[in-house]
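Note that these values count all heavy atoms, side chains included, but never hydrogens, waters or copies made by symmetry. Along the sequence shown, residues carry numbers from 1.
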Amino acid sequence: MKQIFLFFLKACLVVSTVFVTAHADKFSEGMQAAQQGNYQAAQQSWLAAAKQGNVEAQYNLGALMLSGKLGHPDYDSAMSWLDIAAQKGHDEAAYALGMLYYTGNEPDVERDQKKAFELFRKSAERGSAAAQFNVGAMLMNGQGVSKDLISAADWFEKAAEQGNSQAQFNLGLLYLSGSGVKQDPKQAYLWFKRSAELGYPNAQYRVAKMLFDGDGVALDHEQAKSWFLKAQENKSVEAAFMLGFMSYLGLGGARIM
């Protein structure tokens with residue numbers, strides 16, 4: 001089984017652009033200051049709104065403290081504000097906090113995959129596709145939770161239906177191998193195809209290979225070559241090899257020079 005990769009927290013968390021009505025003045029002032037690059041002023045405005053219970057300000061304040069735009073990241077304060085927002089049901093805060101626990105950042109943040117899983121699950125249950133993918137991946141790999149391929153497939157499908165290309169690809173892998181679901185190459189091909197159409201390189205290669213082999217779909221060397229080319233453009237070494245092999249055999253149309 002190929003390694004399943006999780007989304008990792010970007011070095012600078014994106015500041016939310018969602019405005020709320022409660023304490024909107026201070027929150028809006030912080031947004032305006034952040035957009036102008038005045039992060040000290042943004043911090044002061046968001047801190048005032050956060051203390052009054054504004055969940056968006058709490059999230060943005062935590063994200064700002066992690067971003068390094070105020071100097072060295074303040075992990076303790078940032079995680080405290082993110083936790084407050086997450087407890088109120090803020091999906092992005094729960095996801096960001098989950099990523100911090102998943103990746104860890106010693107000595108500031110101790111890695112804790114159990115906490116990460118619980119935070120991802122909270123966000124996933126509220127509909128976050130990224131969190132649903134992470135929950136599926138952790139269940140698949142037994143990270144922070146007992147390995148459960150059936151539940152992993154369920155979470156991958158939830159994320160896949162929302163257009164998460166990695167979840168679509170992983171669900172295809174499960175159908176191809178019969179892990180957690182009944183083995184079904186046709187279903188595997190359909191999920192790989194959906195992921196490939198969103199530009200996911202591994203899926204593009206899988207689609208091409210299944211077309212080349214006639215596995216789960218009618219054999220079609222011309223279409224296989226087209227997908228191998230797409231995957232090659234996305235730096236797939238395996239696709240480049242297959243294109244050379246097809247060229248040598250004269251399959252899929254004109255030789256590739």
Side-chain angles (χ1 to χ4, degrees), residues 1-11 14 99 124 128-143 147 149-257:
M1 183 66 62
K2 287 200 172 184
Q3 182 180 4
I4 307 303
F5 292 96
L6 298 176
F7 289 119
F8 289 96
L9 187 67
K10 294 182 179 178
V14 177
M99 288 307 309
S128 166
Q132 289 168 350
F133 169 79
N134 284 2
V135 168
M138 294 184 80
L139 283 163
M140 188 175 196
N141 295 323
Q143 296 173 298
K147 188 173 183 177
L149 293 177
I150 295 174
S151 295
D154 288 341
W155 283 109
F156 282 144
E157 186 166 7
K158 287 179 172 64
E161 291 291 2
Q162 293 197 69
N164 185 295
S165 62
Q166 287 182 289
Q168 291 166 347
F169 174 74
N170 289 346
L171 192 55
L173 288 178
L174 294 180
Y175 274 111
L176 192 63
S177 65
S179 302
V181 293
K182 183 178 179 181
Q183 190 171 27
D184 188 339
K186 290 183 179 179
Q187 279 295 317
Y189 175 79
L190 291 174
W191 284 114
F192 287 146
K193 183 80 177 298
R194 287 178 66 171
S195 179
E197 287 171 345
L198 292 174
Y200 194 59
N202 291 345
Q204 291 171 339
Y205 173 78
R206 286 283 183 171
V207 167
K209 190 65 167 60
M210 293 182 82
L211 284 163
F212 180 84
D213 294 332
D215 182 16
V217 64
L219 186 147
D220 189 330
H221 287 156
E222 187 174 343
Q223 282 297 311
K225 178 181 175 181
S226 176
W227 281 107
F228 279 136
L229 283 167
K230 287 182 173 68
Q232 182 188 44
E233 289 170 1
N234 283 313
K235 313 301 182 186
S236 169
V237 175
E238 295 92 341
F241 172 81
M242 287 300 300
L243 284 168
F245 181 65
M246 291 182 73
S247 179
Y248 175 76
L249 296 178
L251 300 174
R255 286 180 175 268
I256 302 167
M257 302 304 293

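Residues His221 and Phe212 come closest through the heavy atom pair NE2-O, 3.4 Å. Nearest heavy atoms, Ser151 versus Leu139: CB-CD1, 3.8 Å. For the residue pair Asp220 and Gln223, the shortest heavy atom distance occurs at OD1-N, 3.0 Å. When all heavy atoms of Trp227 and Ala208 are compared, the closest pair comes out as CB-CB, 3.5 Å. Nearest approach of Ala188 to Met210, heavy atoms of both residues: CB-CE, 4.5 Å. In terms of heavy atoms, Ser179 sits closest to Leu149 at CB-CD1, 3.8 Å.
Put simply, the side chain of Phe241 does not reach to within 4.5 Å of the side chain of Val237, judged on heavy atoms. For the pair Asn202 and Phe192, the minimum side-chain heavy-atom distance is 4.5 Å or more. Between Phe169 and Trp191 the shortest side-chain heavy-atom distance does not fall below 4.5 Å. Using a 4.5 Å cut-off on side-chain heavy atoms (C-beta onward), Phe156 and Phe133 make contact. A 4.5 Å side-chain heavy-atom check between Tyr189 and Leu176 finds every atom pair outside the cut-off. At a threshold of 4.5 Å between non-hydrogen side-chain atoms, the residues Lys147 and Met140 do not count as touching.
Side-chain atoms of Gln132 come within 3.5 Å of backbone N or O of Ala124 as a donor-acceptor pair. Using a distance-only test at 3.5 Å, with no hydrogens or angles considered, a donor-acceptor pair links the side chain of Gln168 to the main chain of Ser195. A distance-only check finds no donor-acceptor pair linking the side chain of Gln187 to the backbone of Tyr175 [under 3.5 Å]. Asn141 places a side-chain N or O within donor-acceptor distance of the main-chain N or O of Ala137, the cut-off being under 3.5 Å. A donor-acceptor pair is defined here as one N or O able to donate and one able to accept, closer than 3.5 Å; no such pair exists between the side chain of Asp213 and the backbone of Asp215.
Atom CG of Leu251 sits about 11.5 Å away from atom CG of Leu243, to the nearest 0.5 Å. Note that the NZ atom of Lys225 and the OG atom of Ser247 stand 7.0 Å from one another [nearest 0.5 Å]. To the nearest 0.5 Å, atom CD of residue Glu238 and atom CZ of residue Arg206 are 9.0 Å apart. Note that CD of Gln204 is 11.5 Å distant from CZ of Phe228, once rounded to the nearest 0.5 Å. Of the inter-residue distances, the one linking Lys158 atom NZ with Ser128 atom OG reads 13.5 Å to the nearest 0.5 angstrom.
A salt bridge links Arg194 and Glu161; the closest N-O separation between the charged side-chain nitrogens and carboxylate oxygens is under 4.0 Å.
In Ile150, the CD1 atom is not crowded: 12 or fewer heavy atoms of neighbouring residues, nucleotides or ligands sit closer than 6.0 Å.
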